[in-house]
Amino acid sequence: MASSVDPDASTPPSAPQPEPARKAVRVVVKGRVTGVGFRDWTASTAESLGLAGWVRNRRDGSVEALLSGDPAKIEDMITRRLPVGPPAATVTAVVPSPAEPVDPSAGFEIKFTV
């Protein structure tokens, strides 16, 4: 007597994959960072790292950004990339503070000066 066996019956249902860890940091970058392409460079660099968020100039001459995504990539942006910036920039300080993560599908945008 032949028995029919459901091939899927022995395979346990797959558990939902945990959502990747996300974090967000608000950063204020000081120095010669306006009029040197810092916002475009920040947006391009953040997008290349898969980060979401925004960047804008501030009236006090600094640049402010919200970086949201993979914690290791945010750390790379804050410790290696922002302190250097684009070629014409001279960064004197990068001041991070915690923030709420944004939806990754939001992408990265350049905002108006505040």
Side-chain angles (χ1 to χ4, degrees):
M1 194 168 185
S3 67
S4 66
V5 176
D6 182 358
D8 294 327
S10 62
T11 307
S14 61
Q17 296 297 317
E19 203 172 293
R22 285 192 352 221
K23 109 179 210 182
V25 176
R26 180 182 160 270
V27 181
V28 176
V29 184
K30 299 178 180 184
R32 196 176 98 202
V33 293
T34 58
V36 295
F38 207 96
R39 288 179 303 166
D40 288 337
W41 175 88
T42 300
S44 175
T45 303
E47 286 172 343
S48 75
L49 292 173
L51 299 176
W54 49 262
V55 62
R56 65 184 169 199
N57 286 341
R58 295 173 50 103
R59 285 192 175 87
D60 66 3
S62 65
V63 168
E64 177 182 22
L66 175 72
L67 308 169
S68 182
D70 179 289
K73 292 180 179 179
I74 290 175
E75 187 66 20
D76 178 52
M77 187 77 169
I78 292 171
T79 61
R80 285 191 45 237
R81 298 175 190 246
L82 288 174
V84 176
T90 305
V91 176
T92 58
V94 176
V95 183
S97 60
E100 287 297 315
V102 298
D103 182 349
S105 67
F108 205 91
E109 68 176 305
I110 297 174
K111 290 187 167 191
F112 291 108
T113 301
V114 293

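Position 1 is the first residue of the sequence, and the numbers go up from there.
Annotation: side chain to side chain donor-acceptor pair (under 3.5 Å) contacts of Arg39 (sequence neighbours excluded): none. Listed by chain and residue number, Arg80, Arg81 satisfy the salt bridge (charged side-chain N to carboxylate O under 4.0 Å, His left out) test with Asp76 (two or more places apart in sequence, or in another chain). Partners of Arg32 by salt bridge (charged side-chain N to carboxylate O under 4.0 Å, His left out), not counting sequence neighbours: none found.
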Contacts table for residues 105-114: side-chain donor-acceptor under 3.5 angstrom, sequence neighbours left out:
unit_1 : atom_1 : unit_2 : atom_2 : d
Ser105 : OG     : Asp103 : OD1    : 3.0
Ser105 : OG     : Asp103 : OD2    : 3.0

Just distance, no hydrogens or angles: give the donor-acceptor pairs under 3.5 Å from side chains in residues 83-97, sequence neighbours left out.
unit_1 : atom_1 : unit_2 : atom_2 : d
Thr92  : OG1    : Lys30  : O      : 3.3
Thr92  : OG1    : Gly31  : N      : 3.4

Result block: side-chain N/O donor-acceptor pairs under 3.5 angstrom for residues 67-74, not counting sequence neighbours:
unit_1 : atom_1 : unit_2 : atom_2 : d
Ser68  : OG     : Val102 : N      : 3.0
Asp70  : OD1    : Ala72  : N      : 2.8
Asp70  : OD1    : Lys73  : N      : 3.1

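With rounding to the nearest 0.5 angstrom, the CD atom of Glu75 is 12.5 Å from the CE atom of Met77. Distance check, rounded to the nearest 0.5 Å: OG1 of Thr42 to CD of Glu47 gives 11.0 Å.
Residue pairs meeting the ring-ring contact (aromatic ring centres under 6.0 Å, His included) criterion with at least one member in residues 39-58, sequence neighbours excluded: Phe38-Trp41.
Hydrophobic cluster membership differs between Val28 and Leu82, with clusters built from Ile, Leu, Val, Met, Phe, Trp and Tyr side chains linked at under 4.5 angstrom. In the hydrophobic clustering of ILVMFWY residues, with side-chain heavy atoms under 4.5 Å counting as a link, Leu66 and Val27 come out apart.
Here the closest non-hydrogen pair linking Arg22 and Pro104 is NH1-CD, 3.3 Å.
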